[in-house]
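Because only heavy atoms are used, hydrogens play no part in the values below, and waters and symmetry mates are left out as well, while side chains stay in. Remember, it's a predicted structure, so these values are computed and weren't measured experimentally.
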Amino acid sequence: MSFVDWSQAYTVNNPSLDEQHQKLFAIINKLHEAMFAKRGRESVGETIRELVEYTQKHFSEEERQMELHGYAGLAAHKKVHEELLKKVKEIEKHYQQSSESVAGEMIGFLVSDWLVKHILGMDKQYAPYLKGNRHQ
Ligand SMILES: [Fe+2]
Ligand SMILES: [Fe+2]
């Protein structure tokens with residue numbers, strides 16, 4: 001069983017963004033598994049790096065789509081992305097400097113709380129704007 005599961009109910013009406021969200025869920029699951037299976041620092045560290053990189057890629061693609069569809073909430077959404085990215089980078093830094101157990105707790109909380117909540121909350125708000133639009 002996965003730690004977090006993407007569901008069709010989370011769709012943002014854009015196949016490529018949905019795919020990216022699924023990939024983010026998969027990275028979160030991988031991170032969770034790496035920690036609980038005690039795969040070692042290297043594997044956990046690598047997965048955190050993957051999360052940072054993919055989050056960056058996803059946020060810029062999502063912002064491009066919102067802009068393309070003239071979404072009015074773009075500026076506010078961008079600001080939240082900036083904060084989230086800053087936090088992921090802080091997690092990475094903290095992980096490199098502290099013990100695995102402390103980082104594990106922090107990552108579990110931050111990732112499920114903000115990343116999943118962001119997708120299910122704020123990302124869902126732009127979904128109606130993307131509906132039925134051909135720019136995909
Ligand atoms: Fe998103
Ligand atoms: Fe977003």
Side-chain angles (χ1 to χ4, degrees):
M1 216 178 97
S2 307
F3 173 52
V4 282
D5 284 308
W6 189 87
S7 131
Q8 191 54 45
Y10 308 156
T11 183
V12 290
N13 302 321
N14 177 298
S16 82
L17 292 179
D18 278 346
E19 213 174 279
Q20 290 171 21
H21 285 152
Q22 287 167 36
K23 169 81 176 167
L24 281 169
F25 274 63
I27 299 172
I28 293 168
N29 284 327
K30 201 168 136 189
L31 187 58
H32 187 258
E33 206 198 301
M35 277 168 171
F36 279 80
K38 304 236 180 303
R39 294 261 168 78
R41 288 192 67 84
E42 211 171 297
S43 160
V44 176
E46 263 171 36
T47 315
I48 295 174
R49 184 93 286 267
E50 194 183 350
L51 181 66
V52 172
E53 279 169 12
Y54 202 78
T55 298
Q56 243 160 339
K57 174 189 145 78
H58 168 62
F59 284 174
S60 64
E61 177 60 19
E62 197 173 75
E63 287 165 13
R64 200 181 68 85
Q65 287 292 337
M66 286 189 276
E67 200 166 3
L68 207 63
H69 294 86
Y71 177 54
L74 176 65
H77 201 126
K78 259 187 170 171
K79 226 174 168 180
V80 174
H81 279 175
E82 260 171 48
E83 284 162 21
L84 292 178
L85 192 62
K86 211 173 114 193
K87 276 186 192 163
V88 193
K89 286 182 175 169
E90 270 169 26
I91 291 172
E92 187 180 35
K93 208 170 150 196
H94 203 146
Y95 181 77
Q96 289 163 347
Q97 295 166 347
S98 65
S99 81
E100 199 167 327
S101 59
V102 172
E105 267 173 52
M106 192 172 61
I107 289 164
F109 169 75
L110 286 174
V111 153
S112 62
D113 202 59
W114 64 252
L115 195 54
V116 176
K117 265 191 196 160
H118 178 74
I119 293 169
L120 308 192
M122 205 166 188
D123 285 357
K124 277 299 265 186
Q125 288 172 17
Y126 69 66
Y129 291 80
L130 268 55
K131 205 164 197 166
N133 207 303
R134 272 173 264 119
H135 303 289
Q136 283 181 6

Exercise. Go through the steps to decide whether Asn14 and Ser16 satisfy the test side chain to side chain donor-acceptor pair (under 3.5 Å), and finish with yes or no.
Key: CA-CA 6 Å; Asn14 177 298; Ser16 82; 3.2 Å; yes
Quiz item: Is it the case that more than 12 heavy atoms not belonging to Glu53 sit under 6.0 Å from its CD atom?
Solution: yes
Inter-residue atom distance [X].[atom1] - [Y].[atom2], 0.5 Å rounding:
X      : Y      : atom1 : atom2 : answer
Glu63  : Leu68  : CD    : CG    : 13.5 Å
Leu31  : Ile91  : CG    : CD1   : 8.5 Å
Lys117 : Leu84  : NZ    : CG    : 12.0 Å
Tyr71  : Tyr129 : OH    : OH    : 6.0 Å
Glu50  : Ile27  : CD    : CD1   : 4.0 Å
Asp18  : Gln22  : CG    : CD    : 6.5 Å

Non-hydrogen side-chain atoms of [X] and [Y] separated by less than 4.5 Å:
X      : Y      : result
Lys124 : Thr11  : yes
Phe59  : Lys78  : no
Lys86  : Glu90  : yes
Val44  : Tyr95  : yes
Leu74  : Tyr126 : no

Exercise. Report yes if the distance between the aromatic ring centroids of His21 and His118 is under 6.0 Å, otherwise no.
Key: no
Quiz item: Between the side chain of Asn13 and the main-chain N/O of Leu130, is any donor-acceptor distance below 3.5 Å?
Solution: no
Exercise. Give me the ring orientation class for His81 and His58: parallel if the planes are under 30° apart, tilted from 30 to 60°, perpendicular past 60°.
Key: tilted
Exercise. Walk me through it: do His77 and Asp123 pass the test side chain to side chain contact (heavy atoms under 4.5 Å, CB included)?
Key: CA-CA 8 Å; His77 201 126; Asp123 285 357; 2.9 Å; yes
Practice problem: Would you mind checking if Glu46 and Arg49 are paired as a salt bridge, meaning a charged N to carboxylate O distance below 4.0 Å? | Solution: no
Quiz item: Is any NZ, NE, NH1 or NH2 atom of the basic residue among Glu62 and Lys57 found under 4.0 Å from an Asp or Glu carboxylate oxygen of the other?
Solution: no
Self-check item: Test applied, side chain to side chain contact (heavy atoms under 4.5 Å, CB included); reference residue, Leu24; option that passes from Leu51, Asn29, Val4, Val116
Solution: Leu51
Self-check item: Shortest non-hydrogen contact between Asp5 and Tyr10, atoms and distance
Solution: O-CE1, 3.3 Å
